[in-house]
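Below: the structure, in C-alpha cells.
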Amino acid sequence: MKIAILSRKHNLYSTRRLIEAATTRGHQADTIDTMRCYMNITSARPTIHYKGSELADYDAVIPRVGASVTFYGAAVVRQLEMMGVFCLNDSVAITRARDKLRSLQLLSKKGIGLPITGFAHSLDEIQDLIKMVGGPPLVIKFLEGTQGIGVILVETSKAARSVLEAFFGLKVNIMVQEYIKEAGGADIRCFVVGDKVIAAMKRQANQPEEFRSNLHRGGIATPVEITEEERNMAIRSAHIIGLNVAGVDIVRSNRGPLIMEVNASPGLEGIEKTTGIDVAGEIIKFIERGIDGTEKERRGRG
Ligand code: ADP
C-alpha cells in the first residue's frame, strides 16, 4: 500500500512512528505537508497537487490535522475523499471533533454522560448561566482550545463574571462547565481504533494548584485498567462523532464516567511510551482492513 500521512512535520513522534509502522508492515508511507497541498476543485476529476506534481496513487491517508489548520486541513482531506482515497478519519468527523460544543451536543443527544455544560452569548445571562451549571467553582473553556490552553477554573461568581465579560468582549466563543472536583485533576485517555479501545492511560495533573491533566501542562501518565462502562462509552463516543481513530478523554465523577473530549488527532507519544502498546501498528492494521473492505468506515452513526 501507499500511505500518505498528512502532517506539518515529518519529525514529530506520531508521524515518525506511523511511517515506521507502515514500513515494517511492508507499505510505503510519505509525509505530506497539509498546508503545501493545493487542489483543483472544479475539475470533474478532482486532483490534489504537492510541490509541483499531482498526488496520485495513494491508497490511504492518515490525517494528522493540527488545531490551527483545521479549516484547510479538512478541505485537503475532503478532496482526497472525493478522489476515492481511504481516509482514516473523514473530513466531517475531524471538523465535528474540533468544535467542542458541537461534539458535546451530539454526544448528549445520544445519552452519553457529560459534565453539565452551558453556552451563552449575552452578558445579561451570565448570572443564570453560572447557576445553571451548579455555581462556582466552575470551568470556562474556549470552544476551540487544545492541550489545556483556554481551560480556566474559576472559584467564585465574581471571578466567573469578570472572566466571562473579558472573553465576550474579545468575541471568543466559550462554554461554561460544571467542575468535576472529585476527578482530582485526573482523566483517562482511551485510544480508540475501530471498534476497540486498544490502549488506555490515566493522566494526573502534577503541579500545585493545577487541575488540568494534559501532558503538555505537566501531567503524569500511567497505564490504567478501564471498566466495561468506560470502554463502551469511549467506543460509542468516537463512533457518534464519526471517527475511526480517536483519543477519548473520560473523567471519573461521583455519578460515573463522563466524557470530557473526543480528539481526532490523538498524539502517539504519551500513550505508546506509557503503555508499551504499538498504537501506530494498530492504526496501520486498521487501514489494511479498511482497504480490503473488512472494516467499515464510520460516518457519525452512533
Ligand atoms: P483540551 O482540549 O484543551 O485538552 P479539555 O476540555 O480536555 O481541554 O480540558 C483539559 C483538562 O482539564 C482535562 O483533561 C481535565 O483534566 C481538566 N478539566 C477540563 N474540564 C474539567 C471539568 N469540567 N472538571 C474537572 N476537570 C476538568
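Ligands are counted one by one from 1 in listed order, and the atoms in each one are counted from 1 as well.
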Which residue and non-hydrogen atom of the protein lie closest to [atom], and at what distance in Å?
atom: atom 23 (N) of ligand 1; answer: E178 O, 2.8 Å
atom: atom 7 (O) of ligand 1; answer: E261 OE1, 3.0 Å
atom: atom 18 (N) of ligand 1; answer: M260 SD, 3.6 Å
atom: atom 11 (C) of ligand 1; answer: N214 OD1, 3.3 Å
atom: atom 26 (N) of ligand 1; answer: F211 CD1, 3.8 Å
atom: atom 16 (O) of ligand 1; answer: S213 OG, 3.0 Å
atom: atom 3 (O) of ligand 1; answer: G148 N, 2.6 Å
atom: atom 9 (O) of ligand 1; answer: V151 CG2, 3.8 Å

Any donor-acceptor pair under 3.5 Å from [X] side chain to [Y] backbone:
X: N40; Y: T47; result: no
X: N214; Y: H216; result: no
X: E182; Y: N254; result: yes

Classify the contact between I180 and ligand 1 as side chain, backbone, both or neither, using a heavy-atom distance cut-off of under 4.0 Å.
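Looking at I180 and ligand 1, atoms from backbone and side chain both fall under 4.0 Å.
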Regarding atom 20 (N) of ligand 1: of the candidates K141, M175, H216, E210, which has the closest heavy atom?
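Among K141, M175, H216, E210, the closest heavy atom to atom 20 (N) of ligand 1 comes from K141.
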Under 4.0 Å between a Lys/Arg side-chain N and an Asp/Glu carboxylate O for R203 and D187?
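Counted as a salt bridge, because a side-chain N and a carboxylate O are separated by less than 4.0 Å.
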Answer yes when E210 and R217 have at least one side-chain N-carboxylate O distance shorter than 4.0 Å, and no when they do not.
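No, E210 and R217 are not salt-bridged.
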Say whether V251 and ligand 1 are in contact under the criterion: heavy-atom distance to a ligand atom below 4.0 Å.
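It does not, in that no heavy atom of V251 comes within the 4.0 Å cut-off of ligand 1.
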Which atoms of ligand 1 sit under 4.0 Å from any heavy atom of K100?
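Counting atoms of ligand 1 from 1, those under 4.0 Å from K100 are 1 (P), 2 (O), 3 (O), 5 (P), 6 (O), 8 (O).
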Under 4.0 Å from any heavy atom of Y179, which atoms of ligand 1 are there?
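Taking each heavy atom of Y179 in turn, ligand 1 has 24 (N), 25 (C) under 4.0 Å.
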Under 3.5 Å, is there a donor on one side chain and an acceptor on the other for N263 and E261?
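Side chains of N263 and E261: no pair found under 3.5 Å.
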With only distance considered, is D187 within less than 3.5 Å of ligand 1 through an N or O on each side?
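Yes, since at least one N or O of D187 sits under 3.5 Å from an N or O of ligand 1.
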Does the side-chain hydrogen bond (donor to acceptor under 3.5 Å, both in side chains) test come out yes or no for T31 and D33, once each step is laid out?
CA-CA 6 Å; T31 313; D33 180 351; over 6 Å; no
Is atom NZ of K196 surrounded by more than 12 heavy atoms (other residues, nucleotides or ligands) closer than 6.0 Å?
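Not buried by this count: 12 neighbours or fewer within 6.0 Å.
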Under the side chain to side chain contact (heavy atoms under 4.5 Å, CB included) criterion, do L243 and V192 qualify, and how do the steps go?
CA-CA 9 Å; L243 295 166; V192 177; over 6 Å; no
